[in-house]
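Here is the structure we will look at, set down as structure tokens.
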Amino acid sequence: MAKGRKNGLYEGVSEELSALMRTGWADTERRGLEAGEQAPYAARRRAALSALFPGERLVVPSGNLKYRSNDDAYPFRPYSGYVHLTGDQARDGALVLEPRAGGGHDAYCYQLPRDSRDDDEFWTGYTAELWTGRRRSLAESGAVLGLPCRDVRTAAEDLAAGSGVPTRIVRGIDPALEAAVNTDEERDGELEDALSGLRLVKDAWEIGELRKAVDSTVRGFTDCVAELSRAVASSERWIEGTFFRRARLEGNSVGYGSICAAGEHATIMHWTDNDGPVRPGDLLLLDAGVETRTLYTADVTRTLPIGGTFTPVQRRVYDAVYEAQEAGMAAVKPGAPYRAFHEAAQRSLTARLVAWGFIEGPVDRAYALGLQRRFTMAGTGHMLGLDVHDCARARTEEYVDGVLAPGMVLTVEPGLYFQADDLTVPEEWRGIGVRIEDDLLVTDDGHENLSAGLPRSADEVEAWMARVAG
Ligand code: GLY
Ligand code: MN
Ligand code: MN
């Protein structure tokens, strides 16, 4: 009898049971599958990568399960660079671009095949299909991805055997594959940077997915407004759960930890504990984004008066942020320096802070010294896509020192944050935090605000909340 697992309730598997389990299964191979709609886009993305690294083998893994305890794994999220180049989300996969003698590359994908039913692992292994769900066969993956697929269980051996070919791998994703290839850390880093840079301009398919992410997010925000009175009776967690339900229903999940920050929590940039009270009279800063089932995320913030109406001080802060966002968004157009939207928004906020007497003028001096940052904290936005802070590894000269181009998608998200213990502002300003964040697509002649479905001005927000509250 084969031995059972430690502390399992069965002592083992008898030979008779083992034999019984191996037989009597239907052929469930799916034949005649067609390539997914993303396949031709992924092929073009691979061609762009191929052109950057002639004569080199490139290995882009998807990643492995990470265990939380014993056999309980964290939800798996594939490496975004792999998703971009394949459209695939499988764990334990890897894309390989193999250099061709005459130039260019042949692409193939390593995948974990379906479990064989010739041994016990297919029903005793807790990450086996019978426990976690059916995978695609290699032939099925080949058809769906439009890529030849090979068994990943021989990948380390194959790649080690071919070590004469100059190779780069994206590090930090799959330790076993990384150990199998003899690569240089700096050159591997260049591959990762290049993959990040290739994602700066979104193709038509990606823009469609980002629209879906934003549209679901708009519905999620509306859900949260509709549930505000229940959040008041509960906590910020009610808001988090409400948004999460929409994200799981329409998408894959949330694209990042939702920030459901009521009262003075709104001044904490990455408040994700979400365990505080929700009180009428305070503001709720809600920063959340639905990630589509194809793994593209929105990133939207609205700051809402929980009781439905801004107090005069809250409105002053809100209007200043609104005005800064208008100034920032006006600077989003093709050919503009990337930094222009940030500078426009930050200058606007600096002018307000000087006028209010919270920082010393004149405005040019305060801005040059960055004095506004005591109250604005963060940069005014970032690229958006498969990752919430997308393209973070792209070369600086093509990202923050570059210019905007049609197809780029970025957030514009100025804010003002007056900490609860900040003695440099009047008491009634302390604990107020306001951010307004929208997702903008750079178009041929300017931009489109993808999240325009949510109200932005203070009056529009109040009217919307009254309407949704019914
Ligand atoms: N939600 C993270 C950010 O706005 O950048
Ligand atoms: Mn955000
Ligand atoms: Mn953001």
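One-based numbering along the sequence shown. Order of appearance sets the numbers: ligands from 1, and atoms from 1 within every ligand.
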Next item on the list: Check step by step if side chain to side chain contact (heavy atoms under 4.5 Å, CB included) holds for Arg430 and Glu264.
Entry: CA-CA 8 Å; Arg430 295 178 200 159; Glu264 68 185 62; over 6 Å; no
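Counting only heavy atoms from C-beta outward, the side chains of Arg219 and Phe243 never approach each other to under 4.5 Å.
At a cut-off of 2.8 Å, His382 coordinates the Mn ion (ligand 3) through an N, O or S atom.
Note on Arg395 versus Asp193: no salt bridge recorded, every NZ/NE/NH1/NH2 to OD/OE distance being 4.0 Å or above. Ion pair Asp287/Arg302 not flagged as a salt bridge, since none of the NZ, NE, NH1 or NH2 atoms sits closer than 4.0 Å to an Asp/Glu carboxylate oxygen.
Between Tyr41 and Trp205, the two ring planes are tilted [angle within 30° to 60°].
For the Mn ion (ligand 2), the tally of protein N/O/S atoms lying closer than 2.8 Å stands at 4.
The backbone N or O of Tyr108 sits nowhere less than 3.5 Å from a side-chain atom of Glu98 that would complete a donor-acceptor pair. At distances below 3.5 Å, at least one donor-acceptor pair connects side-chain atoms of Thr303 with backbone N or O atoms of Arg435.
Each of Glu291, Arg293, Gln89, Arg77 was evaluated against Asn252; a single residue qualifies, Glu291, per the side chain to side chain donor-acceptor pair (under 3.5 Å) test.
Between the side chains of Tyr256 and Asp299, a donor-acceptor pair is found at a separation under 3.5 Å. Side chains of Glu209 and Thr294: a donor on one and an acceptor on the other come within 3.5 Å.
Protein residues with a heavy atom closer than 4.0 Å to ligand 1 are Tyr256, Asp287, Asp299, His382, His389, Glu413, Glu437, listed by chain and number.
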